[in-house]
Amino acid sequence: MMIIAVDEVMSLPEFVGQNVNVVSNLLESAELLIRAYTHNNFQNRFVRFTAGSRGDRLLATSDYLKVGDTVQISQSMVNDGLYTVTEIGDDFVRVDKELYKSVNLVTKVEYPADIKNGVLNLIKWDIKNRDKTGIKSETLSRYSVTYFDQDSDNQVMGYPASLLGFLRPYMKARF
């Protein structure tokens, strides 16, 4: 599912006419950026189970998962990563990517509402302003452009620092 479903984003007026694949890639990269920047994997450790895997199926299930949920597989040696639940059967969970045969620790990933709103703002900024990155001011008559320095004070991971302020409460210490 990522942080926000692609369909949900595409239904917003700001994204009418945008390529679905581009928006999907932006959502996926925003999710990875947030997880890396905050050192927080947003796992709900109360929804965790061990399951074998075959093809695109986890050979166990949980009553607390639904289609569209994001799960993180860890401690598998080969399948570690994020997956979206696409189907739930009586004794299996189908995910969106192929899995190697392995024993996997599966944990549900849940993002708070303000993370979802922040991601929407990041994607809106990406679509509207990415090509203007670094421009401080622009004058039309006798066209002139002034650029500003991009350094660690005003930019974080390719975005203006002010856009990533919503992540501060979710930052985890890194040792």
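The CG atom of Leu32 sits 6.5 Å away from atom CG of Leu82, with the distance rounded to the nearest 0.5 Å. If you take CD on Glu110 and CD1 on Ile115, they are separated by 13.0 Å, rounding to the nearest 0.5 Å. Taking OG1 of Thr70 as the start and CD of Glu31 as the end, the distance is 5.5 Å to the nearest 0.5 Å. Note that CG of Asn104 and CG of Leu59 are 9.0 Å apart. Values are rounded to the nearest 0.5 Å. Here the CD-CD1 distance, from Glu28 to Ile3, works out to 11.0 Å after rounding to the nearest 0.5 Å. Distance check, rounded to the nearest 0.5 Å: CD of Glu98 to OH of Tyr83 gives 10.0 Å.
With contacts defined as side-chain heavy-atom distances shorter than 4.5 Å, the pair Val23/Met10 qualifies. The side-chain heavy atoms of Phe42 and Ile34, taken from C-beta on, include a pair separated by under 4.5 Å. Side chains of Gln18 and Val9 form no contact here, defined as non-hydrogen atoms less than 4.5 Å apart. Contact annotation: the side chain of Leu26 approaches that of Ile127 to within less than 4.5 Å [non-hydrogen atoms, C-beta and beyond]. Under the 4.5 Å side-chain criterion, counting only non-hydrogen atoms from C-beta, Phe92 is in contact with Glu87. Side chains of Leu27 and Val119 form a contact here, defined as non-hydrogen atoms less than 4.5 Å apart. The shortest distance between side-chain heavy atoms of Leu65 and Phe49 falls below 4.5 Å. In this structure the side chain of Ile123 never reaches within 4.5 angstrom of the side chain of Ile4, judged on heavy atoms.
Considering all non-hydrogen atoms of both residues, Val47 and Ser62 come closest at CG1-OG, 3.8 Å. In this structure, Ser102 and Asn79 approach most closely via the heavy-atom pair CB-ND2, 3.7 Å. Across every non-hydrogen atom of Ala51 and Val106, the tightest pair is CB-CG2, 4.5 Å. For the pair Val67 and Ile88, the tightest heavy-atom approach, listed with the atom from each and the gap, is N-CD1, 4.0 Å.
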task = Check step by step if side chain to side chain contact (heavy atoms under 4.5 Å, CB included) holds for Phe15 and Val6.
result = CA-CA 10 Å; Phe15 298 97; Val6 176; over 6 Å; no

inquiry  = The test is side chain to side chain contact (heavy atoms under 4.5 Å, CB included); show your working for Arg35 and Tyr111 and say whether it passes.
reply    = CA-CA 11 Å; Arg35 291 168 64 91; Tyr111 296 98; 3.4 Å; yes

ask   = Taking it one step at a time, do Tyr64 and Asp69 satisfy side-chain hydrogen bond (donor to acceptor under 3.5 Å, both in side chains)?
value = CA-CA 10 Å; Tyr64 304 105; Asp69 281 348; over 6 Å; no

ask   = When you look at Thr107 and Asn41, which way does the side chain to side chain contact (heavy atoms under 4.5 Å, CB included) test go after all the steps?
value = CA-CA 10 Å; Thr107 311; Asn41 54 23; over 6 Å; no

request  = List the steps, then state whether side chain to side chain contact (heavy atoms under 4.5 Å, CB included) holds for Leu105 with Arg48.
outcome  = CA-CA 7 Å; Leu105 181 64; Arg48 178 177 270 179; 3.6 Å; yes

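A donor-acceptor pair is defined here as one N or O able to donate and one able to accept, closer than 3.5 Å; no such pair exists between the side chain of Thr61 and the backbone of Asp91.
A continuous path of ILVMFWY side-chain contacts below 4.5 Å connects Val20 to Leu12, so both sit in one hydrophobic cluster. The hydrophobic cluster containing Val109 also contains Phe166, counting ILVMFWY residues as joined when their side-chain heavy atoms lie under 4.5 angstrom apart, directly or transitively.
Atom CZ of Arg168 has 12 or fewer heavy atoms from other residues, nucleotides or ligands within 6.0 Å.
In terms of the side chain to side chain contact (heavy atoms under 4.5 Å, CB included) criterion, residue partners of Asn19 (sequence neighbours excluded) are, by chain and number, Asn21, Val22.
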